[in-house]
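The block underneath contains the structure these notes are about, expressed in structure tokens.
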Amino acid sequence: MLAATLAGAGAGSGARAASLGDDGLHKEDWFAITFRDVAEDIDAAREEGKRLVLVFEQRGCIYCAKMHEQLLSDPEVSDFIKAHFKVVQYNMFGDEEVTDLDGEVLTEKTAARKWGYVFTPTLVFMPEEAPEGMSAAQAAVATMPGAFGKWTFLNMFRWVYEKGYEGDEHFQKYHARIIQQLRDAGRLKDE
């Protein structure tokens, strides 16, 4: 599976700018618009054959802009995410209603506080099944706080997709192995 991905065409120059919403957040036309009921969103993603990812952003976040302009505009990255994940955007300081897995009704900003997210962007990878009696933060299979380069970003999505969190290979070991495979395939220069 990964070999086919590595052998595929490299990222093109199909970069395009994400639009800015009234809330000041960058908008991808493929991000899901939901009622932000985490359990329902996990179920809906699973019904589509995908996994749920929550992405926390904020107005004026230069790292969020980088994520949209440099990572999500790269077809190799966005095509993989769109094929395997349902992404729901949260405003770290927003007032939209959120229903946590434990049933507590919050706002986006109180959810961010409850779940302990203080950096933007923060990507929260949810399990395939909605567990009961725990918060979204407790149920998350992986969390990626902050902005990273293309390969760290994409490899986290790949690791979650491949359920690396269930195995013995820590993400950092997985990432190092994939970087070496990319170098061996001539897709990376020594950095």
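Under a hydrophobic clustering in which Ile, Leu, Val, Met, Phe, Trp and Tyr are joined whenever their side-chain heavy atoms come within less than 4.5 Å, directly or via other members, Leu54 and Val105 fall into different clusters. Hydrophobic clustering (ILVMFWY, side-chain heavy atoms < 4.5 Å, transitive): Val124 and Ile81 are in distinct clusters. Connection of Leu188 to Val77 is established within a shared hydrophobic cluster, with ILVMFWY side chains joined at heavy-atom distances below 4.5 Å, either directly or through further cluster members. In terms of hydrophobic clustering, with Ile, Leu, Val, Met, Phe, Trp and Tyr side chains grouped at heavy-atom distances under 4.5 Å, Leu25 and Met144 are assigned to different clusters. In this structure, Val141 is a member of the same hydrophobic cluster as Met156, with clusters built from ILVMFWY side-chain heavy atoms closer than 4.5 Å.
Every residue two or more places apart in sequence or in another chain was checked for a side chain to side chain donor-acceptor pair (under 3.5 Å) with Asp22, and none qualifies. Under the rule for a side chain to side chain contact (heavy atoms under 4.5 Å, CB included), the partners of Asp41 that lie at least two apart in sequence or sit in another chain are Thr34, Leu52, Val88. Qualifying salt bridge (Lys or Arg N to Asp or Glu O under 4.0 Å) partners for Glu128, counting only residues two or more places apart in sequence or in other chains: Lys163. Applying the ring pair (Phe, Tyr, Trp, His ring centres under 6.0 Å) rule to His84 yields the partners Phe80, Tyr161; only residues at least two apart in sequence or on another chain are considered. For Gln180, the side chain to side chain contact (heavy atoms under 4.5 Å, CB included) criterion is met by Arg183, Asp184, not counting sequence neighbours. By the side chain to side chain contact (heavy atoms under 4.5 Å, CB included) test, Glu129 is found to be paired with Arg46, residues two or more places apart in sequence or in another chain being considered. Partners of Lys109 by side chain to side chain donor-acceptor pair (under 3.5 Å), not counting sequence neighbours, listed by chain and number: Asp95. Asp100 is linked by a side chain to side chain donor-acceptor pair (under 3.5 Å) to Lys114, Trp115, counting only residues two or more places apart in sequence or in another chain. Residues that satisfy the side chain to side chain contact (heavy atoms under 4.5 Å, CB included) test with Ala139, not counting sequence neighbours, are Leu101, Met126, Pro127, Pro131, Met134. With sequence neighbours excluded, the residues forming a ring pair (Phe, Tyr, Trp, His ring centres under 6.0 Å) with Phe157 are Phe85, Phe125, Phe153, listed by chain and number. Applying the side chain to side chain donor-acceptor pair (under 3.5 Å) test to Thr107 and every residue at least two apart in sequence or in another chain returns Thr110.
Taking every heavy atom of both residues into account, Lys27 and Asp23 meet most closely at NZ-OD2, 3.0 Å. Here the shortest heavy-atom pairing between Cys61 and Thr120 reads SG-OG1, 3.2 Å. The two residues Ala130 and Ile42 make their nearest non-hydrogen contact at N-CG2, 3.7 Å.
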Query - Stepwise side chain to side chain contact (heavy atoms under 4.5 Å, CB included) test for Asp74 and Lys150 - result: CA-CA 9 Å; Asp74 182 327; Lys150 172 183 177 173; 3.0 Å; yes

**Message:** As a quick check of understanding, evaluate salt bridge (Lys or Arg N to Asp or Glu O under 4.0 Å) for Glu40 and Lys86, giving each step before the final call.
**Reply:** CA-CA 12 Å; Glu40 286 181 6; Lys86 179 181 188 108; over 6 Å; no

**Prompt:** Step by step, would you call Glu76 with Arg187 a salt bridge (Lys or Arg N to Asp or Glu O under 4.0 Å)?
**Reply:** CA-CA 13 Å; Glu76 185 172 14; Arg187 296 215 36 218; 2.7 Å; yes

For a side chain to side chain contact (heavy atoms under 4.5 Å, CB included) check, start with the C-alpha distance between Met67 and Leu123, then their side-chain angles and the critical distance, and finish with the verdict.
CA-CA 11 Å; Met67 178 180 70; Leu123 288 87; 4.0 Å; yes

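Relative to the ring axis of Phe93, Arg59 does not place its NZ or CZ within 45° and under 6.0 Å from the centre.
Inter-residue side-chain proximity for Ile179 and Trp151 is flagged as met; some heavy-atom pair is nearer than 4.5 Å. The shortest side-chain heavy-atom distance between Leu72 and His26 does not fall under the 4.5 Å cut-off. Looking at heavy atoms from C-beta onward, Glu28 lies in side-chain contact with His68 at the 4.5 angstrom threshold. For the pair Glu162/Tyr174, a side-chain contact is recorded, criterion being any heavy-atom separation below 4.5 Å from C-beta on. The shortest side-chain heavy-atom distance between Arg158 and Ile178 falls under the 4.5 Å cut-off. Within the 4.5 Å cutoff, the side chain of Tyr117 has no heavy atoms near those of the Pro145 side chain.
The backbone N or O of Tyr90 lies less than 3.5 Å from no partner atom in the side chain of Glu108, so there is not a single donor-acceptor pair. One N or O on the side chain of Lys50 and one on the backbone of Lys82 form a donor-acceptor pair closer than 3.5 Å.
Hydrophobic cluster membership for Phe119: Val118 (Ile, Leu, Val, Met, Phe, Trp, Tyr linked by side-chain heavy atoms under 4.5 Å, directly or transitively).
Ring planes of Trp159 and Phe171: perpendicular class, angle over 60° (limits at 30 and 60°).
To the nearest 0.5 angstrom, Arg36 atom CZ is 7.5 Å from Gln89 atom CD. One distance of note links CG of Leu106 with CD of Glu96; it measures 13.5 Å at 0.5 Å rounding.
When the shell of 6.0 Å around OH of Tyr165 is examined, it contains more than 12 heavy atoms from other residues, nucleotides or ligands. Counting heavy atoms of neighbouring residues, nucleotides and ligands inside a 6.0 Å radius, atom CD of Glu132 does not exceed 12 of them.
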